[in-house]
Amino acid sequence: MAAKLSHLLKGIRTLEVIGETDKNITDLQSDSRKATKGGMFVAVRGVTTDGHKYIPVVASAHVAAIVCEDLPASLEKGVTYIRVKDSSVALGELASAWHGNPSSKLKLVGVTGTNGKTTTATLLYEMAKLEGYKAGLLSTVCNYIHDRAVPATHTTPDPLTLNALLAEMVEAGCDYAFMEVSSHAAQQHRIAGLTFTGGVFSNLTRDHLDYHGTVENYMNAKKMFFDMLPADAFALVNADDKAGAYMLQNTKARKYTYSLRGDADFRCRILETRLDGTLLLINNHEVEVRFTGRFNAYNLTAVYGASILTGFAEEEVLVNMSKLVPVAGRFQTIRGGDDVTAIVDYAHTPDALVNVLDTIREIVGAGGEITTVVGAGGNRDHGKRPMMAREAACRSDLLILTSDNPRDEEPETIIADMKEGLTTEELRRTICITDRREAIRTALRMAKPGSVVLIAGKGHETYQEVKGVRHHFDDKEEVENGFIN
């Protein structure tokens, strides 16, 4: 694969070009270790390293062109240097141009927010397939090129991987693509150069403050996605979340809202709820779905609205909503003996725990017992740890604090941080078991008939990350084995 440098540069805003542009580019990289002779290297300022440091190395390797924000002290003969304001933006735009602008050949819808991204994006993908279309999905759980699964390593891939996947979707004949847009991806301009048909905002609560620093910075990162939407796209936001209106402030896109509490373009009311399903009233139409909880009612209302705005007929959307099934690790219900129900859920923020536990309490009633098994990830936002424990404790009859992905931290230290959020009375109802497998089995052994055990935090993940090593661990498998043994 090769492309004319002059053609690639048409898609980016340059400040200065030194050298010839009438030459072929044979490769595009932002990793200096992968830069090749005749290729283009984009020097990006990353979180842990600055690609500008490696410009002399890649220049001596005879790359054809280098994109950077600051020119090096000495210029290598034969290399074209392109100076830009922001090389992260340029990388996204170049990656798109390199792969033939694949997003412009798809109806691409992005979903952002703290909670609900995976469920909403996945259900939109499933909806498109039920409508008879080929579609692609980029999500935390797994990427799909129509029916072919491609393992996911990030919620939103880097620009080169992202555009390569979109190009594969176009090659496979996909008409639609749906993707999660993380705050990191927006902040780092991974989605620069993409053409979106629409954007969906679910909600905003505390998360990723280890990266963004403040909730305001986190919110503004989400907003960047809506600020970049074109005038012919749609922007659909949750009107019941105070950040919803903020997302729409500067967008050029057509503005729409959805709500469970008030007036909106797409309105929903919960008529009946059970552990295995819910009866909803959406825009005055009753629909039975296989999902439980107010948070899922929000997700499904977003799916309903985005499906219609994407071009699907309302009547078919309503019929197909009843065929949709929950995403792996999102309120995944497993029935055991003695009338004990276990629920595996990805809830790893205070707000997500509130949503899931309030839903369970609403179903089991004041007399039903709830046991919650939860931990917190290592090397991440320390401030949310006591908040998570507090929300779980006040909504559970028994709380078991355990490991999540401790990463480079000691699990006991993380658990100690969580305990700081508990009162003396809540501590009496709390057990600390560092081994997650033993914590799950203990919860199932102690569960009384008719009770519910929530296993929170990891959801679809099939590993535990400890000291840089990923060990196989699947909450669903552990629950199933626990019920058998």
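The residues of the chain are indexed from 1 along the displayed sequence.
Checked by atom type and distance alone, the side chain of Thr80 never pairs as donor or acceptor with a backbone atom of Ala65 at under 3.5 Å. At least one donor-acceptor pair closer than 3.5 Å links the side chain of Ser202 to the backbone N or O of Asn115. For the pair Asn405 (side chain) and Glu465 (backbone), a donor-acceptor distance under 3.5 Å is present.
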Problem set entry | side-chain hydrogen bond (donor to acceptor under 3.5 Å, both in side chains) between Thr161 and Asp158, intermediate numbers included | CA-CA 5 Å; Thr161 305; Asp158 67 85; 2.7 Å; yes
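A salt bridge is absent between Asp474 and Lys476: the closest approach of a Lys/Arg side-chain nitrogen to an acidic carboxylate oxygen does not fall below 4.0 angstrom. Under a 4.0 Å N-O distance rule, the pair Lys323/Glu126 does not qualify as a salt bridge.
Taking the salt bridge (charged side-chain N to carboxylate O under 4.0 Å, His left out) definition, one finds that Asp265 meets it with nothing, sequence neighbours left out.
For the pair Lys252 and Phe226, the cation-pi criterion (under 6.0 Å, within 45° of the ring axis) is not fulfilled.
Within the 6.0 Å centre-distance limit, the rings of Phe225 and Phe196 are counted as a close aromatic pair. Aromatic pair Tyr144/Tyr125: centroids less than 6.0 angstrom apart. Aromatic ring centres of His460 and Tyr346 lie closer together than 6.0 Å. If you look at Phe312 and Tyr176, their ring centroids are closer than 6.0 Å.
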